[in-house]
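Only one structure is covered here, and it is reproduced in the block below.
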2 protein chains.
Amino acid sequence: MKELTKQQSKVLACVEVYLNKTGFPPTRAEICKELGFKSPNAAEMHLRALEKKGYISIQSGSSRGISIVKSQQSFEQIGEQMPVIGLVAAGSPTLAEENIEKRISCDPNMFSDSFDYFLKVKGLSMIEAGIHEDDLVAIKKTTDVKNGDLVVVRLEDEVTLKYFKKTNHSLELIPANKDFSTIEVDLREQEAFVEGKSVGLIRTH
Amino acid sequence: MKELTKQQSKVLACVEVYLNKTGFPPTRAEICKELGFKSPNAAEMHLRALEKKGYISIQSGSSRGISIVKSQQSFEQIGEQMPVIGLVAAGSPTLAEENIEKRISCDPNMFSDSFDYFLKVKGLSMIEAGIHEDDLVAIKKTTDVKNGDLVVVRLEDEVTLKYFKKTNHSLELIPANKDFSTIEVDLREQEAFVEGKSVGLIRTH
DNA sequence: ATTTATACTGTATATTTTTACAGTATATAA
DNA sequence: TTATATACTGTAAAAATATACAGTATAAAT
């Protein structure tokens, strides 16, 4: 999570205090009044920055549509807002705000292992493992993976979700669909980046 | 504290659910949409009644200026401990303590629809729907199911998870595995109890 | 038979609120 | 020296929202 500037921190605190006091979030104008700004745009800009850094989410077009994603206050946050990231064809699955499709309120420890984000599955390459298109796979960011693990690997600019098998200099990324073929990587010729591994899955019916 | 009418109770619940889901209170129009009212004044009147009876307070002149004074719900909505029930061969999947295998901390609204418990899947009859043994299927207790829904149905003492298809006097419970056959029930001869329907699924890898 | 409470529809308007755009100022980095 | 990021002011328009008013319908109470 990115660092906040002094003013952004003040604005976040202001929103949290207002929320605790009234039960609903403040308007831009109310934030200005509280912090002494003279233009609603001052508040707007700080809120946008806070959203980009993942501390709040803003429901666009709604009045008072601010919700706290990550509290500045240190008290326990049960039911954190876990980000959902689309499995994009190119580039790493980063947690930058523009990649976050939505957030789901749940416990980061609901599976056997903790996880960092959900990856939204594209395509049918893992269908025989019971992993469908649009399923959300819970990914733990780690490079510590074993053969047989379901992993997120980046090759060049392509990111895939496959079973992991490493043998000497070669890496096999094995699909679970007879219509797809195993991706074989000679690690002396090409780099492969393990982004993380799956610890669970959720699906909405 | 005064008693609430049925509709007032619905409106209060609606506000509480919205608040838990979004982090801010609903507008009059949003309450109407949720509960099927066609005039914003319907919501307005109920809110006024709820304020008069001391369940909420309304900040006049503010958008979404509703705060809960006395919650209707006896339990916390976020980070609830949702029970996991084994799909036992005999008897209804009841929420009696002896049937609860464990509890998982998660948000009852993490799927598109709310749910009441997780059912632990036994057997392979739904494998082609990507539902494996030991997957946890989120079940919403309801009898309001449509053809094609994934439902929990009890026949005599046997409980199954299957696709639902009703035609006149006959009920078909369709598996997703070519090695299993559809269960056909003539409703004039045998009773079938719909216990609920699936709204989602989670799996631990 | 008439009132009273509940439960709405439908419309209209004033007010609140978001949000875009055009600027200003300052410090820091390239 | 020229960007670039932070941190605002000031204005204005469009959209969202609260809320008043005038009705309709129904069941229960008086």
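Throughout, a chain's letter reflects where its sequence line sits, starting with A, and its residues are numbered from 1.
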Item to check | Check ion pair B:Lys140-B:Asp113 (N to O, under 4.0 angstrom) | outcome: yes

Next on the checklist: Can you confirm whether more than 12 heavy atoms, excluding those of B:Glu34, are under 6.0 Å from its CD atom?
Outcome noted: no

Checklist entry - Would one find more than 12 heavy atoms of other residues, nucleotides or ligands at under 6.0 Å from atom CD of A:Glu191? => result no

Given [options], which nucleotide is nearest the side-chain atoms of [X]?
{"X": "A:Lys38", "options": "C:dT17, D:dT9, C:dG10", "value": "D:dT9"}
{"X": "B:Met45", "options": "C:dC8, D:dT9, D:dC8", "value": "C:dC8"}
{"X": "B:Thr27", "options": "C:dT17, D:dT17, C:dC8", "value": "D:dT17"}
{"X": "B:Ser39", "options": "C:dT19, C:dC8, C:dG10", "value": "C:dG10"}
{"X": "A:Gln8", "options": "D:dA7, D:dT17, D:dA20", "value": "D:dA7"}
{"X": "B:Ser60", "options": "D:dT19, D:dT9, C:dT9", "value": "D:dT19"}
{"X": "A:Thr5", "options": "C:dT9, D:dA7, C:dT17", "value": "D:dA7"}
{"X": "A:Gln7", "options": "C:dT9, D:dT17, D:dA7", "value": "D:dA7"}

Just N and O in the side chain of [X]: are any of them under 4.0 Å from OP1 or OP2 of [N]?
{"X": "A:Arg28", "N": "C:dT18", "value": "yes"}
{"X": "B:Arg48", "N": "D:dA20", "value": "yes"}
{"X": "A:His46", "N": "D:dC8", "value": "yes"}

If I take atom [atom1] in residue [X] and atom [atom2] in nucleotide [N], what distance separates them, rounded to the nearest angstrom?
{"X": "B:Glu44", "N": "C:dT11", "atom1": "CD", "atom2": "P", "result": "18 Å"}
{"X": "B:Ile31", "N": "C:dA7", "atom1": "CD1", "atom2": "P", "result": "15 Å"}
{"X": "A:Phe37", "N": "C:dA25", "atom1": "CZ", "atom2": "P", "result": "19 Å"}
{"X": "B:Ile58", "N": "D:dA18", "atom1": "CD1", "atom2": "P", "result": "10 Å"}
{"X": "A:Lys53", "N": "D:dA5", "atom1": "NZ", "atom2": "C1'", "result": "10 Å"}
{"X": "B:Gln59", "N": "D:dT17", "atom1": "CD", "atom2": "C1'", "result": "15 Å"}
{"X": "A:Lys6", "N": "C:dA27", "atom1": "NZ", "atom2": "P", "result": "15 Å"}
{"X": "B:Leu4", "N": "C:dA5", "atom1": "CG", "atom2": "P", "result": "18 Å"}

Item to check | Geometric class of the B:Phe111/B:Phe118 ring pair [parallel <30°, tilted 30-60°, perpendicular >60°] | outcome: perpendicular

Checklist entry - Taking for each residue the nucleotide of DNA chain C bearing the nearest heavy atom, is the 5' side occupied by B:Ser63 or by B:Asn41? => result B:Asn41

Checklist entry - When you match A:Gly65 and B:Pro40 each to their closest nucleotide on DNA chain C, which lands nearer the 5' end? => result B:Pro40

Checklist entry - Are the side chain of B:Arg64 and the backbone N or O of B:Pro25 linked by a donor-acceptor pair below 3.5 Å? => result yes

Checklist entry - Can you check salt bridge (Lys or Arg N to Asp or Glu O under 4.0 Å) on B:Asp135 and B:Lys120, steps first, answer last? => result CA-CA 6 Å; B:Asp135 282 0; B:Lys120 191 170 197 174; over 6 Å; no

